[in-house]
Amino acid sequence: MAHVARTLVSILTATGKALFRELSYLGDVVSTIWGRVTWSRALFAVLVLNVAWTASLFLCPFTVAPGSFVHQVGGANLVDHENIWETFPLYARVVYTIGDAQCHQLWYRSFLLNGNQMPIDQRMTSMYLFANLGLLAAIFARPSTSTGQVMLNALPEFLRRRLWKFGPDRAGALVLVLGLIPMAIDGFTQLSGRYESTPIARVLTGGLAGFVGGLLVGAMLVTIRQFSLEMQRMYAHLQADTASLR
């Protein structure tokens, strides 16, 4: 019986140590990721705000009764559904009003959730959604004082190798242009009236534009943070050199 007890204690002790090591490693990983995400407070704040706004786009249709906002059309950059928003609870009223101010809210270009149109159309919803991925890509990219370099560092290796020959600044501009061109073509072609984009096309072109837009904003904030750190290091070296000469 004593032998069995010792064996059981030994097994439990070994398991406990392994579990402790595993938890410790997991804690280190979480700590490293959190440190990286919050390395630039400005970028972290932008990410939190954009995630909150994106989530609100999907949540708000469920905070009002089905059919509260459906089969509506409006104009871009114009709040033209105030009479509807006045009947909504505060949270939905704020989100739908902001959406109304920036989007035409055409029902046939909008997703329906809970029997209601989303606050903005399919393309813009996709832009905000994928902008979060662009911001995250910038967060985990290797920092640099060049915005174009940060954008390159955020891309997969096979793309980075092909774009490197243009130089970081031109490559960053090229990434931005290539990300926006499909949306521009799809959107402006609709203005002719002879072509109506499909939901898939709007989501894909909007998503690509949102990703490069988020990547650009994130890369700019990373650049500012990195430049600030390098200036701090330079100032510290100057102070140390000055002190050594005294």
Side-chain angles (χ1 to χ4, degrees), residues 43-138 176-193 195-218 220-221:
L43 179 50
F44 178 63
V46 170
L47 176 64
V48 169
L49 288 174
N50 199 63
V51 168
W53 170 251
T54 305
S56 296
L57 297 177
F58 289 88
L59 291 174
C60 277
F62 293 95
T63 64
V64 294
S68 298
F69 181 56
V70 66
H71 294 147
Q72 297 291 332
V73 297
N77 306 314
L78 175 68
V79 178
D80 45 14
H81 292 126
E82 291 179 274
N83 60 318
I84 298 178
W85 314 144
E86 290 175 353
T87 66
F88 285 6
L90 180 60
Y91 175 51
R93 185 188 312 169
V94 170
V95 174
Y96 270 98
T97 300
I98 295 174
D100 193 358
Q102 61 181 311
C103 179
H104 44 52
Q105 296 180 317
L106 302 178
W107 66 268
Y108 50 88
R109 294 180 186 171
S110 302
F111 290 118
L112 288 179
L113 292 178
N114 191 41
N116 293 304
Q117 291 174 226
M118 292 184 67
I120 54 179
D121 68 8
Q122 296 158 342
R123 197 190 310 275
M124 292 190 70
T125 298
S126 181
M127 288 176 66
Y128 280 111
L129 183 62
F130 282 87
N132 292 306
L133 299 181
L135 292 170
L136 284 172
L176 183 63
V177 169
L178 292 177
L180 295 177
I181 283 178
M183 183 181 70
I185 293 175
D186 190 60
F188 281 110
T189 305
Q190 288 185 139
L191 296 178
S192 66
Y195 165 79
E196 179 63 26
S197 180
T198 65
I200 293 178
R202 286 192 284 269
V203 168
L204 291 179
T205 57
L208 183 58
F211 176 82
V212 297
L215 179 59
L216 174 63
V217 172
M220 292 171 65
L221 294 174

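Numbering starts at 1 and runs along the sequence shown.
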Contact summary for V64 and P89, nearest pair of heavy atoms: CG1-CD, 3.8 Å

Check: S110 main-chain N/O paired with D121 side-chain donor or acceptor under 3.5 Å: no

Summary of side chain to side chain donor-acceptor pair (under 3.5 Å) pairs that have at least one residue in residues 60-82, sequence neighbours excluded: H81-Q105

Sequence-distant partners of V94, side-chain contact (heavy atoms from CB on, under 4.5 Å), two or more places apart: L90, I98

CH2 on W53 to CG on N132, rounded to 0.5 Å: 13.0 Å

Listed partners of L208 passing side-chain contact (heavy atoms from CB on, under 4.5 Å), at least two apart: P182

For the student: nearest non-hydrogen atoms of A101 and V79, plus distance: CB-CG2, 3.8 Å

Residues, nucleotides or ligands: over 12 heavy atoms within 6.0 Å of L49 CG: yes

F188 atom CZ: more than 12 heavy-atom contacts under 6.0 Å: no

Min side-chain heavy-atom separation R123-D186 under 4.5 Å: yes

Beyond-backbone contact of Q122 with S197, side-chain heavy atoms, under 4.5 angstrom: no

Which residues share a side-chain hydrogen bond (donor to acceptor under 3.5 Å, both in side chains) with Y91, sequence neighbours left out: S56

CG-SG distance between L113 and C60, expressed to the nearest 0.5 angstrom: 11.0 Å

Side-chain touch Q117/L112, heavy atoms, less than 4.5 angstrom: yes

Point-to-point distance, once rounded to the nearest 0.5 Å, from CG of L215 to CG of L136: 11.0 Å

Considering all heavy atoms, the nearest L180-A209 contact: CD2-CB, 3.8 Å

Between CZ on residue F211 and CG on residue L216, distance to nearest 0.5 Å: 11.5 Å

Residues that R109 engages under side-chain hydrogen bond (donor to acceptor under 3.5 Å, both in side chains), provided they are two or more places apart: E196

Polar side-chain atom of R93 near backbone of F88 as donor-acceptor pair, under 3.5 Å: yes

Separation of L57 CG from Y96 OH (nearest 0.5 Å): 9.0 Å

OG1-CD1 distance between T205 and I181, expressed to the nearest 0.5 angstrom: 13.0 Å

Validation row: Y128, N50 side chains within 4.5 angstrom (heavy atoms): yes

Under the side-chain hydrogen bond (donor to acceptor under 3.5 Å, both in side chains) test, residues paired with D100 that sit two or more places apart: W85

